[in-house]
Asks: 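Below: one structure in structure tokens.
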Amino acid sequence: MNGVSYVPGTRVRLRPSRRADIMDLALAGRIAEVAAVEEDFEGQVHVAVVLEGDPGRDLGSASQIGHRFFFAPDELEPLPGPDGDPPRHRVLVAGVGNIFMADDGFGPEAATALARRSLPDGVHVADFGIRGMDLAYRMLDGYDTVVLLDATPHGQPPGTLSVIEPDLATLPAEGAPEAHAMDPVKVLALARHLGDAELPRVLVVGCEPQVRMNGDEPDVVVGLSEPVREAVARAVPFVESLLGEILADPAERR
């Protein structure tokens with residue numbers, strides 16, 4: 001497009017020229033990141049962007065209204081040199097779990113804590129809760145690695161953190177989202193079913209829960225047990241260290 005290649009992650013400056021509403025005036029000159037390139041029914045190309053510095057930018061990357069903006073290619077000014085280059089490696093950090101099922105809320109809580117930190121370019125953090133369909137589609141949005149934050153029972157003392165790399169070759173043939181829970185295995189299977197390309201590398205940062213619920217209980221339980229709440233604080237530097245390893249050597253297998 002005009003000799004410029006726009007791919008997810010490309011950083012641009014907004015130069016709106018085709019419209020003159022108040023939103024355009026507010027966004028003029030802002031730096032944004034390309035989220036997608038789309039074509040409408042009339043063959044017109046539109047570049048979807050999310051604003052740099054928007055605390056809800058992950059909502060825009062998930063196609064939510066109010067955080068995702070469309071511009072014509074000639075309304076974007078690519079940033080020069082390495083500042084405008086897409087990140088060499090894109091990582092999605094996704095918190096998953098049900099905050100109304102006690103320690104199953106570890107993933108959302110950890111994602112919220114991590115999102116407050118200054119993270120490297122190309123690393124996006126989002127709380128997906130139990131939105132399995134959204135996560136499946138998001139995983140296919142050009143990410144090289146996906147890190148899931150989840151409560152994962154594996155026979156360790158409550159609050160223990162671990163890194164698991166699932167064998168994607170053993171996934172079931174199909175997966176379907178659940179109404180009140182998030183099963184990462186089913187989400188991965190669904191993403192593989194939806195996508196035409198190979199799934200990104202997937203790592204799970206798991207926390208051993210103390211209070212486990214299956215969704216059949218008569219009451220909801222909001223809040224984490226003490227060991228898991230303490231683990232949320234430890235999970236932030238833990239994940240930051242993991243991200244450093246991923247970005248230093250994306251091909252490394254733990």
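For clarity, every value in this text was computed on a predicted model and none was experimentally measured. Note: hydrogens, waters and symmetry copies are ignored here, and every other heavy atom, side chains too, is used.
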Asks: Which residues pass the side-chain hydrogen bond (donor to acceptor under 3.5 Å, both in side chains) test with E52, sequence neighbours left out?
Replies: R11
Asks: With a 3.5 Å distance limit and no angle check, can you tell me whether D103 reaches the backbone of R212 through a side-chain donor-acceptor pair?
Replies: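 Such a contact is absent between D103 side chain and R212 backbone.
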Asks: Please name all residues satisfying side chain to side chain contact (heavy atoms under 4.5 Å, CB included) with I99, sequence neighbours left out, ordered by chain then number.
Replies: P108
Asks: Would you check if the side chain of R13 reaches a backbone N or O of G29 as a donor-acceptor pair within less than 3.5 Å?
Replies: yes
Asks: For D40 and E42, indicate whether the former's side chain and the latter's backbone hold a donor-acceptor pair under 3.5 Å.
Replies: yes
Asks: Could you list the donor-acceptor pairs under 3.5 angstrom formed by side chains in residues 226-238, with sequence neighbours left out?
Replies:
unit_1, atom_1, unit_2, atom_2, d
R234, NH2, G159, O, 2.8

Asks: So, using side-chain hydrogen bond (donor to acceptor under 3.5 Å, both in side chains) as the criterion, who are the partners of T160 when residues are at least two apart?
Replies: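 Per chain and number, T160 pairs via side-chain hydrogen bond (donor to acceptor under 3.5 Å, both in side chains) with no residue.
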Asks: Hey, could you give me the CG/CD1 distance between L51 and I31, rounded to the nearest 0.5 Å?
Replies: 10.5 Å
Asks: For T112, what residues pass the side-chain hydrogen bond (donor to acceptor under 3.5 Å, both in side chains) criterion, not counting sequence neighbours?
Replies: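 Testing T112 for side-chain hydrogen bond (donor to acceptor under 3.5 Å, both in side chains), a comparison that skips the adjacent residues, returns none.
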Asks: Rounded to the nearest 0.5 Å, what's the gap from NE2 on H89 to CZ on R201? Could you check?
Replies: 7.5 Å
Asks: Do E38 and R68 meet the salt-bridge criterion of a basic N to acidic O distance under 4.0 Å?
Replies: yes
Asks: Under the side-chain contact (heavy atoms from CB on, under 4.5 Å) test against I130, which residue among L135, V96, N98 passes?
Replies: N98
Asks: Using 0.5 Å steps for rounding, measure from the SG atom of C207 to the NE2 atom of H154.
Replies: 8.0 Å
Asks: Can you tell me how far apart CZ (R131) and CE (M133) are? Round to the nearest 0.5 Å.
Replies: 12.5 Å
Asks: Could you list the residues that satisfy side-chain hydrogen bond (donor to acceptor under 3.5 Å, both in side chains) with R15, not counting sequence neighbours?
Replies: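 Expected list: E77.
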Asks: Going by distance alone, is a donor N or O of one side chain under 3.5 Å from an acceptor N or O of the other, for H124 and E33?
Replies: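 Judged by distance alone, the side chains do pair up.
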